[in-house]
Amino acid sequence: ERHVGEPWSGDPSRKWQPTFEALSSAVEKAKLDTEVRTTGCLQVCKLGPVAFYSDDKTWYTLVKPDVAEKIVNEHLVQGNKVIEHIYPPV
């Protein structure tokens with residue numbers, strides 16, 4: 001099962017929420033068979049919001065809502081990773 005994980009680490013400020021909503025909306029709009037879910041801590045909070053794509057184990061950092069949409073449209077739909085947000089940097 002493919003999924004995109006958005007860590008929240010118990011963050012009471014919910015700063016991750018807009019990114020989670022953008023990922024969910026973009027996946028739904030693209031009609032992908034991919035679940036968007038929150039995860040526990042992935043140990044890279046200072047680089048957050050972060051996202052992890054399980055299909056090819058790609059990590060993304062500094063994922064704001066516009067970047068989340070770009071990841072879905074370019075990587076999940078077209079197969080082209082969004083290089084400027086990959087972690088570790090390439």
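Every heavy atom of this structure was used, including side-chain atoms; hydrogens, water molecules and symmetry mates were not.
- Remark: Thr34 engages Arg2, Val4, Val27, Leu32, Tyr53, Leu76 in a side chain to side chain contact (heavy atoms under 4.5 Å, CB included) (not counting sequence neighbours).
- Here Glu74 pairs with nothing under the side-chain hydrogen bond (donor to acceptor under 3.5 Å, both in side chains) rule; sequence neighbours left out.
- Residues Thr19 and Pro49 approach most closely at OG1-CG, 3.7 Å, considering heavy atoms.
- The side chain to side chain contact (heavy atoms under 4.5 Å, CB included) check on Lys81 picks up Asp56, Thr58, Tyr60, His75, Ile83, Ile86, with sequence neighbours excluded.
- Take Glu84 and apply the side chain to side chain contact (heavy atoms under 4.5 Å, CB included) test, not counting sequence neighbours, and it matches Lys70, Val82.
- Of all heavy-atom pairs spanning Ala68 and Ala22, the tightest one is CB-CB, 3.9 Å.
- Not a single ring pair (Phe, Tyr, Trp, His ring centres under 6.0 Å) links His85 to another residue, sequence neighbours left out.
- Between the side chain of Ser24 and the main chain of Phe20, a donor-acceptor pair closer than 3.5 Å is present.
- Between Ala51 and Val63, the shortest heavy-atom distance links the atoms N-CG2, 4.1 Å.
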